[in-house]
2 protein chains.
Amino acid sequence: MLIVNKMEYNAKQLQIINVAERLFAGKGFSGTSIRDIAHEADINVSMISYYFGSKEKLIEALFEVRSVESTTRLETIIANDDLTPIQKVFILIDSAIDRLMGNQSFHNIMLREQLSGEDRTQVISDLIFDLKLKNWKGLDTIIKEGQNNGHFREDIDVLLLSATLYGTVNQVITTQSFFRKINNLEHLTQEEFEKDLKLKLSKHLKSIFKATVAYETIE
Amino acid sequence: MLIVNKMEYNAKQLQIINVAERLFAGKGFSGTSIRDIAHEADINVSMISYYFGSKEKLIEALFEVRSVESTTRLETIIANDDLTPIQKVFILIDSAIDRLMGNQSFHNIMLREQLSGEDRTQVISDLIFDLKLKNWKGLDTIIKEGQNNGHFREDIDVLLLSATLYGTVNQVITTQSFFRKINNLEHLTQEEFEKDLKLKLSKHLKSIFKATVAYETIE
DNA sequence: ATAAACTAAACAAACGTTTGATTTATTCAA
DNA sequence: TTGAATAAATCAAACGTTTGTTTAGTTTAT
């Protein structure tokens with residue numbers, strides 16, 4: 001299992017991390033200089049080395065902070081005994097949409113890291129692997145529960161199904177300006193647009209999942 | 001409509017483009033130096049400026065070359081009158097899988113560019129927009145055809161459906177090492193693994209699309 | 001008085017690009 | 001076909017910036 005660095009970060013460090021997150025998301029890790037970050041965060045360039053040691057360690061710190069923030073959600077969904085498997089699946093979908101759309105900058109960076117051929121650091125690779133594993137196991141547990149109850153099909157490829165879930169959400173997020181243009185929603189504010197998008201995405205994915213995992217119309 | 005630069009590239013230029021494609025995919029545009037490219041392509045650094053003008057123009061040339069290569073497929077599928085709409089959808093799915101898995105480096109770069117906040121150049125943005133538009137219109141045409149024939153549902157969000165198609169394929173490609181580990185397929189060669197992956201992905205997406213667009217089990 | 005926070009300046013290395021010279025190819029009249 | 005003339009291709013070296021990091025000194029807090 002993964003050993004998480006229990007380092008705590010003070011307000012200034014978190015401020016730097018937040019700025020770095022925004023810039024890394026927009027211009028990539030290599031495309032962002034520590035002078036960019038220092039300027040935007042209104043600090044001296046040397047403070048980044050002073051607080052984090054290096055630029056590499058800074059992105060590691062970013063991953064550590066953001067990773068722990070998104071690991072606690074799944075467990076609570078699965079543990080809830082009052083919900084049927086299909087209800088849990090639906091909540092999992094909405095949870096994934098909220099999580100990915102609510103932390104677009106960080107997930108943008110994570111997508112970039114996954115696209116990288118050589119891993120930047122083992123720390124980041126491990127954290128990403130751990131997140132993927134938890135996401136997959138979360139869905140897998142729910143699916144198996146539904147199969148044991150006899151409500152879900154037996155021939156479900158959970159790995160591909162979670163690829164459809166996270167892939168669809170990622171695709172929608174990265175091409176949202178295209179969505180906006182094609183659907184003639186350019187008059188909406190970003191907030192209104194995101195709300196509309198979340199709703200459509202939720203319906204779309206729930207419909208797909210229902211048709212894929214459940215035998216017939218249930219619930 | 002988009003004006004495509006009809007520039008022709010000689011063998012040496014194409015060699016540079018191929019090396020650049022591989023390195024950009026692995027380390028990103030900013031993360032790849034022209035000295036990296038020159039070294040791998042076994043040429044002098046100045047040849048890149050000599051042939052393309054700049055590093056920026058090099059990636060533009062890469063996009064121009066690879067874009068024209070993948071625009072002609074869709075039209076031929078749609079134009080075929082011997083196929084039913086659902087058959088066309090299935091061929092579209094397999095075509096997308098083949099295209100994305102067959103040009104992983106270029107699509108890796110394209111994904112990175114889409115993640116970029118500020119566009120690197122208008123040329124690249126236009127080419128990506130044009131590709132997305134064609135992909136969407138291709139699916140839209142087929143869906144509308146199926147709706148006119150009465151075989152397809154009326155309430156289909158084609159934009160979300162194409163997001164599921166391309167998003168799922170992208171997700172599978174970027175996380176294929178995770179797939180391999182979880183499915184215990186590490187003994188297979190890359191070629192064998194990709195073949196297996198393509199097959200599973202094809203079945204998965206066809207099953208989803210069938211359930212989503214068609215009224216009931218047809219053909 | 002000790003430690004932490006912060007700064008301007010300097011550092012060497014790497015960056016994309018340009019220069020000027022040299023080699024290789026092509027052109028074309030003799 | 002030859003050979004000078006022109007163009008294209010290639011090269012090592014240097015250009016001025018920008019890069020991440022360190023240093024040495026100053027300010028602020030404990």
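Within every chain, numbering begins at 1; the chains are lettered A, B, ... in the order of the sequence lines, protein sequences first and strands thereafter.
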Tell me, please, which residues at least two apart from [X] pass side chain to side chain contact (heavy atoms under 4.5 Å, CB included).
X        : value
B:Arg66  : B:Asn18, B:Glu21, B:Leu62, B:Glu69, B:Phe106
A:Ser46  : A:Asn44
A:Lys132 : A:Gln114, A:Ile128, B:Thr175, B:Phe178
B:Asn10  : B:Lys12, B:Gln13, B:Tyr51

Could you check how far [atom1] of [X] sits from [atom2] of [N], rounded to whole Å?
X       : N      : atom1 : atom2 : value
A:Asn10 : D:dA29 : CG    : C1'   : 14 Å
A:Asp36 : D:dG20 : CG    : C1'   : 12 Å
A:Ile59 : D:dG20 : CD1   : P     : 12 Å
A:Leu58 : D:dT19 : CG    : C1'   : 15 Å

- prompt: Hey, does the side chain of B:Tyr51 come within less than 4.0 Å of D:dA8's phosphate (OP1/OP2), counting only N and O?
  reply: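 So the side chain of B:Tyr51 is outside the cut-off, no N or O lying under 4.0 Å from OP1 or OP2 of D:dA8.
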Inset, instruction - Examine D:dA8: is either OP1 or OP2 under 4.0 Å from a nitrogen or oxygen in the side chain of B:Lys12? Give yes or no. - result: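 No, no such contact exists.
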Interface polar pairs with nucleotides 11-15 of chain D, N/O, under 3.5 angstrom:
from, atom 1, to, atom 2, distance (Å)
D:dC11, OP2, B:Asn44, N, 3.3
D:dC11, N4, B:Ser46, OG, 3.2
D:dA12, OP2, B:Asn44, ND2, 3.4
D:dA12, N7, B:Asn44, ND2, 3.2

Give me each pair satisfying salt bridge (charged side-chain N to carboxylate O under 4.0 Å, His left out) with a member in [range], each pair once, sequence neighbours excluded.
range                       : result
residues 167-189 of chain A : none
residues 37-48 of chain B   : B:Arg22-B:Glu40
residues 99-122 of chain B  : B:Glu113-B:Arg120

Test of understanding: with side-chain hydrogen bond (donor to acceptor under 3.5 Å, both in side chains), list the residues that count as partners of B:Ser33, not counting sequence neighbours.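 side-chain hydrogen bond (donor to acceptor under 3.5 Å, both in side chains) list for B:Ser33, sorted by chain: B:Asp36.
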Holding to side-chain hydrogen bond (donor to acceptor under 3.5 Å, both in side chains), I want the full list of residues that pass it with B:Thr121, two or more places apart in sequence or in another chain.
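Partners of B:Thr121 under the side-chain hydrogen bond (donor to acceptor under 3.5 Å, both in side chains) test: B:Glu60.
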*asked:* Just so I know, are the side chains of B:Leu131 and B:Met110 near enough to count as touching, which here means a heavy-atom distance under 4.5 Å?
replied: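 In contact.
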Could you go over nucleotides 2-4 of chain C and give all protein N or O partners under 3.5 Å, atom names and distances?
none

Name every residue in residues 15-34 of chain A that has at least one heavy atom under 4.0 Å from any atom of DNA chain D, in order of residue number, or write none if there are no such residues.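 Heavy-atom contacts with DNA chain D come from A:Thr32, A:Ser33, A:Ile34.
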Report task. Decide, yes or no, whether a salt bridge links A:Lys198 with A:Asp94 under the criterion of side-chain N to carboxylate O below 4.0 Å. Result ->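 No salt bridge links A:Lys198 with A:Asp94.
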